[in-house]
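Naming: A, B, ... by sequence-line order, numbering from 1 per chain. The basis for the numbers below is simple: all heavy atoms, side chains too, and nothing from hydrogens, waters or symmetry mates.
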Protein chains: 2
Amino acid sequence: MADTNDLLRLDRQLCFTVYAAHHAFTAAYKAGLEPLGLTYPQYLVLLVLWEQEGLKVKEIGKRLHLDSGTLTPLLKRMEKGGLLRRLRDAADERQVRIELTEHGRHLQAEVLKVRQEIGCALGGAEEPIQDMRARLEGVIEQLSAPGSTRSL
Amino acid sequence: MADTNDLLRLDRQLCFTVYAAHHAFTAAYKAGLEPLGLTYPQYLVLLVLWEQEGLKVKEIGKRLHLDSGTLTPLLKRMEKGGLLRRLRDAADERQVRIELTEHGRHLQAEVLKVRQEIGCALGGAEEPIQDMRARLEGVIEQLSAPGSTRSL
DNA sequence: CACGATTAGGATGAACGCAACTTATTCTTT
DNA sequence: AAAGAATAAGTTGCGTTCATCCTAATCGTG
């Protein structure tokens, strides 16, 4: 029988396990990223830019679910660190395009090593990892579905 | 064949999906918690204290994976908000015990409603949720295993 | 008892992350 | 062409989160 004590038990909350997993990933990546001068969110920005360079701030924000209030200072720090350049678009001066520097591009090889080591720590098997990832995607979708807004 | 582009693709990273899920949960809870004057980490602290009152700062930190640098200001804000009291332990004055106020205790009923609504948004079925939660626990364990530190 | 080590909590500084607001630019509609 | 709406980025303020350092209290050993 699920009473209040059961329903609110910390060790049964998916939301807390996700929160703890986020901490664990951040900590795990930190060891590899810090020597490269990168934070974890900066690593995510690089993942996006390695896939497609010259994106606008807005487009990066859409992929990472971050707004300009977070991205502007983050990108400025990365620019100061010599990873990328922020270029005001000539055709539409409201927009800022993000280009990687040579340094930013070459970091991909180093980061790949870090990523591989995390993969190994997880057991190396790609299939069960992707299976869980897909399920988590489903949770995100349900949490952000228009219907769930109503139910809140 | 998994080349660099595949391995570093954002939409294949479990770490990013976890990061995105954390955002989604925070946003989903926010709608319900804000009217109660709570943030999401404050909600987590209450979950801990509803299970066992009078815990020391250190003990709360152990359960939530947070250190004193995070908890001290967070608990002070909650004290200011009338949710709890911080009491220096008489027997060992290094320690601070956290007691809930009446208000903090009575919030449990309100929070339970919020938690139920999130549960409904996820489909309501408890079993597959707990299954995924258990798998994520496994990931956390592997990420924080002593062996993985070596491999990083 | 005294000295050093350990422990708990607090203070500070840097980096996210979000909400709310501002500014500059572009688009729309008349 | 001009007024107003919409859009992109930036700014500010608050709350977390961590690393690092600091202080006070307690413990352990001689």
Side-chain angles (χ1 to χ4, degrees), chain A residues 16 19-31 33-35 37-46 54-81 83 85-98 144, chain B residues 15-16 19-31 33-35 37-46 55-62 64-81 83 86-98 144:
Chain A
F16 174 66
Y19 172 90
H22 171 56
H23 284 185
F25 268 116
T26 304
Y29 271 100
K30 181 167 199 153
L33 293 178
E34 198 155 68
L38 293 174
T39 65
Y40 181 69
Q42 290 173 8
Y43 159 73
L44 295 179
V45 168
L46 288 180
L55 289 173
K56 293 173 277 186
V57 175
K58 190 87 172 188
E59 292 168 334
I60 297 175
K62 182 164 192 168
R63 284 164 173 73
L64 299 180
H65 311 310
L66 295 173
D67 70 358
S68 70
T70 301
L71 280 174
T72 296
L74 188 121
L75 292 170
K76 281 184 175 176
R77 280 187 289 270
M78 292 178 78
E79 184 178 40
K80 189 176 289 183
L83 297 162
R85 279 181 293 269
R86 297 161 61 252
L87 306 168
R88 194 62 68 171
D89 188 306
D92 184 343
E93 297 206 349
R94 290 172 302 182
Q95 304 174 159
V96 169
R97 294 195 173 276
I98 309 299
S144 43
Chain B
C15 68
F16 174 67
Y19 172 90
H22 170 55
H23 286 185
F25 268 117
T26 303
Y29 271 99
K30 180 166 201 158
L33 293 178
E34 199 155 69
L38 292 174
T39 66
Y40 180 68
Q42 289 172 8
Y43 160 74
L44 294 180
V45 168
L46 287 181
L55 289 173
K56 294 173 274 186
V57 174
K58 190 88 175 187
E59 292 168 333
I60 296 174
K62 181 162 193 170
L64 299 180
H65 312 309
L66 296 173
D67 70 358
S68 71
T70 301
L71 280 174
T72 295
L74 188 132
L75 292 170
K76 281 185 175 178
R77 280 188 286 271
M78 292 178 78
E79 184 177 41
K80 189 176 290 183
L83 296 162
R86 298 162 61 253
L87 305 168
R88 194 66 65 175
D89 189 306
D92 184 343
E93 296 208 350
R94 290 172 303 181
Q95 304 176 158
V96 170
R97 294 195 174 276
I98 310 297
S144 42

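- For A/Gln95, the listed nucleotide lying nearest its side chain is D/dA8; candidates were D/dA8, D/dT26, D/dG10.
- Atom NZ in B/Lys56 sits about 13 Å away from atom P in D/dT26, given to the nearest Å.
- Taking atom CG of A/Asp89 as the reference point, atom C1' of D/dG10 lies 17 Å away to the nearest angstrom.
- In terms of position on DNA chain C, the residue among A/Thr39 and B/Glu59 whose nearest nucleotide sits closer to the 5' end is B/Glu59.
- Between B/Met78 atom CE and D/dC14 atom P there is a gap of 20 Å when expressed in whole angstrom units.
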B/Val45 vs B/Met78, side-chain contact (heavy atoms from CB on, under 4.5 Å): CA-CA, chis, key distance, verdict: CA-CA 10 Å; B/Val45 168; B/Met78 292 178 78; 3.9 Å; yes

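- In this structure, the separation between OG1 on B/Thr70 and CG on B/Leu64 is 10.5 Å, given to the nearest 0.5 Å.
- In this structure, A/Lys62 NZ and A/Leu55 CG are separated by 12.0 Å, a value rounded to the nearest 0.5 Å.
- In this entry the distance linking NE2 of B/His23 with C1' of D/dG15 reads 14 Å, nearest Å.
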side-chain contact (heavy atoms from CB on, under 4.5 Å) evaluation trace for A/Gln42 with A/Leu33: CA-CA 9 Å; A/Gln42 290 173 8; A/Leu33 293 178; over 6 Å; no

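- For DNA chain C, the residues of residues 64-71 of chain A within the heavy-atom distance limit of 4.0 Å (strictly under) are A/His65, A/Leu66, A/Asp67, A/Gly69, A/Thr70, sorted by number.
- In this structure, B/Arg88 reaches the sugar-phosphate backbone alone: every heavy-atom distance under 4.0 Å involves primed, P, OP1 or OP2 atoms, never a base.
- The interatomic distance linking A/Ile60 (CD1) with D/dG10 (P) rounds to 11 Å, in whole Å.
- Rounded to the nearest 0.5 angstrom, B/Glu59 CD and B/Arg97 CZ are separated by 6.5 Å.
- Residue-to-nucleotide proximity on DNA chain C shows that, of B/Pro73 and B/Glu34, the 5′-proximal contact is made by B/Pro73.
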Criterion side-chain contact (heavy atoms from CB on, under 4.5 Å) on B/Arg86 and B/Leu75, from CA distance to verdict: CA-CA 8 Å; B/Arg86 298 162 61 253; B/Leu75 292 170; 4.2 Å; yes

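- In this structure, the CD atom of A/Gln42 is 17 Å from the P atom of D/dC18, given to the nearest Å.
- At whole-Å resolution of the value, NZ in A/Lys76 and C1' in D/dT11 are 9 Å apart.
- The interatomic distance linking B/Leu33 (CG) with D/dG15 (P) rounds to 15 Å, in whole Å.
- Rounding to the nearest 0.5 Å gives a distance of 8.5 Å between NE2 of B/His23 and NE2 of A/His65.
- If you check every strand for non-hydrogen atoms under 4.0 Å, B/Arg86 touches sugar and phosphate atoms only.
- To the nearest 0.5 Å, the span separating CG on A/Leu44 from CZ on A/Arg63 amounts to 13.5 Å.
- For the pair B/Arg94 and A/Lys30, both in contact range of DNA chain D, the more 5′-proximal nearest nucleotide belongs to A/Lys30.
- In this structure, the separation between CD on B/Glu34 and OG1 on B/Thr39 is 10.0 Å, given to the nearest 0.5 Å.
- Taking only side-chain atoms of A/Thr72, from C-beta outward, the nucleotide of D/dA25, D/dT17, D/dG10 with the closest atom is D/dG10.
- For DNA chain C, the span of nucleotides reached by chain B at under 4.0 Å from its heavy atoms goes, 5' to 3', from C/dT7 to C/dA19.
- Under the rule for a ring-ring contact (aromatic ring centres under 6.0 Å, His included), the partners of A/Phe16 that lie at least two apart in sequence or sit in another chain are A/Tyr19.
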